[in-house]
Amino acid sequence: MAVNWVALVVFVVFFAFVTFLGFAAVHWRRGDLDLLHEWGLAGGRFGTLVTWFLLGGDLYTAYTFIAVPALAYGSGALAFFAVPYTIVVYPFVFMVFPRLWSVARRHGYITAADFVRGRYGNKWLALAIAVTGILATMPYIALQLVGIQVVIAGMGIESTGLLGDLPLIIAFVILAAFTYTSGLRAPAAIAIVKDLMIYITVLAVVIVVPIQLGGYDKIFAAVPAAKLTLAVPGANTLGSYGAYATLALGSAFALFLYPHSITGVLSASSRHNIRRNSALLPAYSFLLGLIALLGFMAIAAGVGDAPEFKPYFAQYKATFAVPALLLHQFPAWFVGFAFAAIGIGALVPAAIMSIAAANLWTRNIYREFINPVCTPRQEAQMAKWVSLVVKFGALVFVLGLSSQYAIYLQLLGGVWIIQTLPAVVLGLYTKWLNQWALLIGWAVGIVCGTWMAASVNFAAIYPVKLMGFVAPGYIALWTLILNLAVTVVLTAVFNALGAAPAEDSTSAADYV
Amino acid sequence: MQDDRNGAPGRNSWAHWLLIIPFIAVLWVPFYNSVEPKWQGIPYFFWYQFLWILISAGLTAAVYFLTEPKK
């Protein structure tokens with residue numbers, strides 16, 4: 001495929017615009033960026049609308065937009081678990097996260113690990129939460145790069161060799177530079193542009209492509225029947241129903257425990273903002289459902305059989321389905337616009353993730369264990385440097401290793417991050433759980449989850465067998481149950497042995 | 001759950017129970033795992049879940065207005 005110059009020019013123009021926006025954002029709601037909560041949380045002053053754009057841009061990432069339709073293209077109905085997942089996540093957020101916001105604002109917490117440190121007075125438990133967050137985030141950043149890589153290849157740019165890596169390196173240097181200077185304000189400003197571009201792209205596609213292909217009837221008729229619903233389970237097994245429901249529920253529990261989600265939540269101006277956004281963010285879920293349908297449109301358009309896309313499907317597999325659909329059905333200028341939406345869609349979460357990881361490192365490792373007497377200025381400077389290191393690590397990872405490893409590690413990241421739920425979420429409601437029981441439960445969950453994932457070749461689903469009954473389900477959810485069981489039992493044991501209660505620096509009134 | 005409440009109990013706190021409904025509606029797969037009835041050519045499996053995005057958002061909004069403290 002020759003270089004698609006029209007698409008490339010449109011792509012570069014939009015990229016240049018958001019680069020400018022990223023640097024200009026330093027002046028937005030001006031604050032002292034030498035303070036960590038100003039650089040890393042934008043001072044916590046974002047109103048409902050900005051939070052809506054920010055969290056939307058943060059949670060519904062470029063990789064999501066590539067991977068969900070790719071799964072629909074390859075596996076069919078199973079890909080739609082993303083819809084129940086993003087349905088049930090918001091009632092959960094509505095109930096739980098205003099409490100985290102309140103206690104964090106009262107005590108100046110900027111990370112989940114800060115809260116755990118305050119609630120249980122245990123720096124080792126806080127360290128476990130911080131390390132889990134950083135490890136779960138790193139491969140997630142790497143995956144955003146994979147999203148950019150696919151669209152750059154889609155514009156006909158040779159993507160192998162050192163020269164092929166150049167576009168990605170340029171995109172990353174830009175990202176690193178504006179994150180360093182503007183902190184969270186940069187991705188917040190860019191998210192507004194990115195989200196509008198994504199809405200325009202998706203609405204155009206779901207209107208235009210069905211007209212071109214002869215209606216939704218024709219599109220679904222082209223999809224093999226086995227891909228239109230889930231396989232009905234046989235006797236003595238939950239079958240694909242178990243996989244579907246546990247993927248949805250487990251992913252929903254995990255999503256807001258990720259550092260980049262918590263950074264988004266804590267940058268909100270009030271707890272009411274979070275409650276309002278729980279009702280408003282489902283607009284993005286609707287968008288995500290429409291995006292999943294793009295996988296079926298790609299099947300109906302027959303992009304897999306088009307000779308010009310053959311080498312790309314060979315290299316990128318089903319992740320090329322959406323770029324191929326756009327190239328196949330739309331004029332070059334719109335392809336450039338849509339690809340820019342995806343590319344910019346990678347910058348926003350990558351920036352927020354690197355900021356969130358930097359906040360964790362600085363607050364919960366550097367200040368706790370390395371330099372407890374650091375000044376606020378040193379603290380902010382350290383975070384800025386670490387945000388660069390984190391992104392550089394992700395870049396090296398993607399360029400040096402197969403993207404398949406990033407996908408495996410991102411899967412493990414979900415299994416790991418959910419293990420922080422007992423300490424963080426239950427900790428918002430009760431201080432009954434023992435700090436050491438929480439730490440042991442966390443460790444059991446991490447080890448067991450990693451082992452389960454490895455034993456099924458890093459698939460998300462592990463079939464739990466109980467007395468002849470098979471329950472295939474999302475490893476994160478199974479190991480969360482194990483973690484909770486261990487934590488509760490050990491808490492009861494430790495309490496019976498007369499364990500001292502935790503040194504809790506929060507009080508009941510802080511949470512409401 | 002009660003031990004952390006401060007003096008002011010929330011307005012209409014019963015309404016929070018409404019938020020369980022979306023969990024049941026979308027996590028019990030047999031409710032919607034079929035192609036028929038189609039709507040505008042879209043199989044039931046898909047439009048049912050799209051519809052629940054809207055219902056769930058509506059429920060969350062309703063709970064918000066029921067429980068938000070009166071100014």
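Every value quoted in this text rests on a predicted model; they were computed, and no experiment measured them. Residue numbers begin at 1 in each chain, while the letters A, B, ... track the order of the sequences.
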A:Ser270 and A:Arg105: CA distance, side-chain angles, deciding distance, side-chain hydrogen bond (donor to acceptor under 3.5 Å, both in side chains) verdict
CA-CA 9 Å; A:Ser270 80; A:Arg105 189 53 56 99; over 6 Å; no
Does any backbone or side-chain atom of B:Phe50 lie under 4.5 Å from a heavy atom of chain A? Answer side chain, backbone, both or neither.
both
For the residue pair A:Phe253 and A:Phe92, is the inter-centroid distance of their aromatic rings smaller than 6.0 Å?
yes
Mind ranking A:Tyr85, A:Phe81, A:Tyr90, A:Tyr216 by heavy-atom pairs under 4.5 Å with chain B and telling me who comes out on top?
A:Tyr216
Residue pairs passing the side chain to side chain donor-acceptor pair (under 3.5 Å) test with at least one member in residues 17-45 of chain B, sequence neighbours excluded, are A:Tyr241-B:Asn33
Carboxylate-amine/guanidinium contact B:Glu68 B:Arg11, below 4.0 Å
no
Would you mind telling me which of A:Leu290, A:Thr506, A:Leu280 has the largest number of heavy-atom pairs within less than 4.5 Å of chain B?
A:Leu290
For the OG1 atom of A:Thr487 and the CG atom of A:Leu438, what is their distance to the nearest 0.5 Å?
5.0 Å
Check each atom of B:Leu18 against the heavy atoms of chain A and say whether the ones under 4.5 Å are side chain, backbone, both or neither.
neither
Chain B: which of A:Leu281, A:Asp217, A:Ile219, A:Thr86 shares the most heavy-atom pairs with it under 4.5 Å?
A:Asp217
With a 4.5 angstrom heavy-atom cut-off, could you sort out which part of A:Phe296 is near chain B: side chain, backbone, both or neither?
side chain
Given that the side chain runs from C-beta out, which part of A:Tyr244 has a heavy atom under 4.5 Å from chain B: side chain, backbone, both or neither?
side chain
Could you go through A:Asn273 and A:Thr51, starting from their C-alpha distance and side-chain angles, then the distance that decides it, and tell me whether this counts as side-chain hydrogen bond (donor to acceptor under 3.5 Å, both in side chains)?
CA-CA 8 Å; A:Asn273 174 342; A:Thr51 298; 3.0 Å; yes
Quick one: what part of A:Phe94 sits under 4.5 Å from any heavy atom of chain B, side chain, backbone, both or neither?
side chain
Do A:Tyr60 and A:Phe65 make the cut of ring centroids closer than 6.0 angstrom?
no
Find the one option among B:Pro22, B:Ala25, B:Gly41 whose heavy-atom pairs under 4.5 Å with chain A are most numerous.
B:Gly41
